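One structure is given below, encoded as structure tokens.
For clarity, every value in this text was computed on a predicted model and none was experimentally measured.
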Amino acid sequence: MYTVQGCLCDAGTRDCIDQSSGNFNVKSNSAFAICAYTESENVVIDSIRSLSITKGSIGYDVVNAAGAATNPLFTSLSNMGSNREVVVTRMLSIFYGDEGGTSQVQVAGKALLEFASGRMRQLVSLDEVDVRSLQEAGEAGESAFDFDVQLDSAEIDEAGTAAKMSGYAMNVVVMALGMSMVVMPW
């Protein structure tokens with residue numbers, strides 16, 4: 001069984017970015033790159049079959065089950081066919097609106113793998129019999145991956161404060177409208 005891993009990465013080099021240093025956090029509405037990769041030289045990523053970003057009950061699909069970007073205006077996929085592929089998308093501002101909340105989102109996806117040399121001979125088991133046979137196959141299976149992305153916590157606090165302030169402003173407007181509707185009996 002071959003596995004795929006994922007990480008936040010540099011779109012040009014496809015190298016993973018170490019977020020533990022705190023030097024790189026994703027900003028609201030900014031483009032960022034997600035890499036899916038396998039360490040095996042025997043397989044390549046044929047396609048990304050799904051990719052989603054979630055935070056609690058909020059989430060959106062970046063790539064659908066057919067392997068296409070759900071919104072091609074702000075998401076693009078690499079050509080596929082290597083053991084390290086990239087998806088570039090934007091972090092939606094909806095993830096930044098909870099002051100004091102978590103500053104991480106989860107990225108989860110599935111990748112379809114195929115053998116690197118196209119038609120490679122593989123040992124396979126035939127049902128429950130101990131007989132082994134050589135099979136030529138192009139598809140090497142599907143593997144899920146997931147990882148967390150650190151959001152810019154300063155933007156989370158700003159978005160939460162802005163939402164709270166707009167809520168206060170709305171309450172003042174509603175109170176003013178309510179006061180103007182009060183009919184005084186003369």
**Q.** side-chain hydrogen bond (donor to acceptor under 3.5 Å, both in side chains) partners for Thr75, two or more places apart
**A.** Thr89
Q: Tell me whether the guanidinium CZ or amine NZ of Arg84 lies under 6.0 angstrom from the six-membered ring centre of Tyr37 and within 45° of its axis.
A: yes
**Q.** Side chains of Met80 and Asp46 in contact at under 4.5 Å (non-hydrogen atoms)
**A.** no
Q | Check: Asp61 main-chain N/O paired with Ser52 side-chain donor or acceptor under 3.5 Å | A | no
Q. Can you name the side-chain contact (heavy atoms from CB on, under 4.5 Å) partners of Ser82, sequence neighbours left out?
A. Arg14, Glu85
Q.
What's the separation between atom CG in Asn79 and atom CD1 in Ile45, rounded to the nearest 0.5 Å?
A. 13.0 Å
Q. So do Leu151 and Met91 actually touch side chain to side chain, heavy atoms under 4.5 Å?
A. yes
Q: Grab the two heavy atoms, one from Val43 and one from Phe115, that are nearest each other, plus how far apart they are.
A: CG1-CD2, 4.0 Å
Q) Who are the side-chain contact (heavy atoms from CB on, under 4.5 Å) partners of Ser30, not counting sequence neighbours? A) Val26, Lys27
Q | Partners meeting side-chain contact (heavy atoms from CB on, under 4.5 Å) with Cys9 (sequence neighbours left out) | A | Cys7, Ala33, Cys35, Val86
Q: Return the minimal non-hydrogen interatomic distance between Phe147 and Leu8, and the atom names on each side.
A: CE1-N, 3.4 Å
Q: State, yes or no, whether a side-chain contact exists between Val63 and Thr70 at a heavy-atom distance under 4.5 Å.
A: no
Q. Between Val4 and Ser143, what is the shortest heavy-atom contact and its length?
A. N-OG, 2.9 Å
Q) Tell me, do Gln106 and Ile53 make a side-chain contact under 4.5 Å, heavy atoms counted? A) no
Q.
What I'd like to find out is whether the side chain of Val87 reaches to under 4.5 Å of the side chain of Val62, using heavy atoms alone.
A. yes
Q) Among all residues two or more places apart in sequence or in another chain, which pass the side-chain hydrogen bond (donor to acceptor under 3.5 Å, both in side chains) test with Asp10? A) Thr13
(Q) Once rounded to the nearest 0.5 Å, what's the spacing between atom CG of Leu73 and atom CZ of Arg90? (A) 10.5 Å
Q.
Counting C-beta onward and ignoring hydrogens, is there a side-chain heavy-atom pair between Val88 and Phe32 closer than 4.5 Å?
A. no
Q | Short side-chain to backbone donor-acceptor contact, Ser50 and Asn64, under 3.5 Å | A | no
Q. Quick one: does Val105's side chain get under 4.5 Å of Tyr96's, heavy atoms only?
A. no
Q. Between Gln5 and Thr38, is any side-chain donor less than 3.5 angstrom from a side-chain acceptor?
A. no
(Q) Could you report the tightest heavy-atom contact between Gln104 and Asp148, atom names first, then the distance? (A) OE1-OD2, 3.6 Å
Q. According to the disulfide (SG to SG under 2.5 Å) rule, which pairs have a member within residues 42-84, sequence neighbours left out?
A. none
Q: Sequence neighbours left out, what passes side-chain contact (heavy atoms from CB on, under 4.5 Å) with Arg49? Give chain and number order.
A: Ser47, Lys110, Leu112, Glu142
Q | Considering all heavy atoms, the nearest Leu113-Tyr2 contact | A | CD1-CB, 3.7 Å
Q | Which residues share a side-chain hydrogen bond (donor to acceptor under 3.5 Å, both in side chains) with Glu39, sequence neighbours left out | A | none
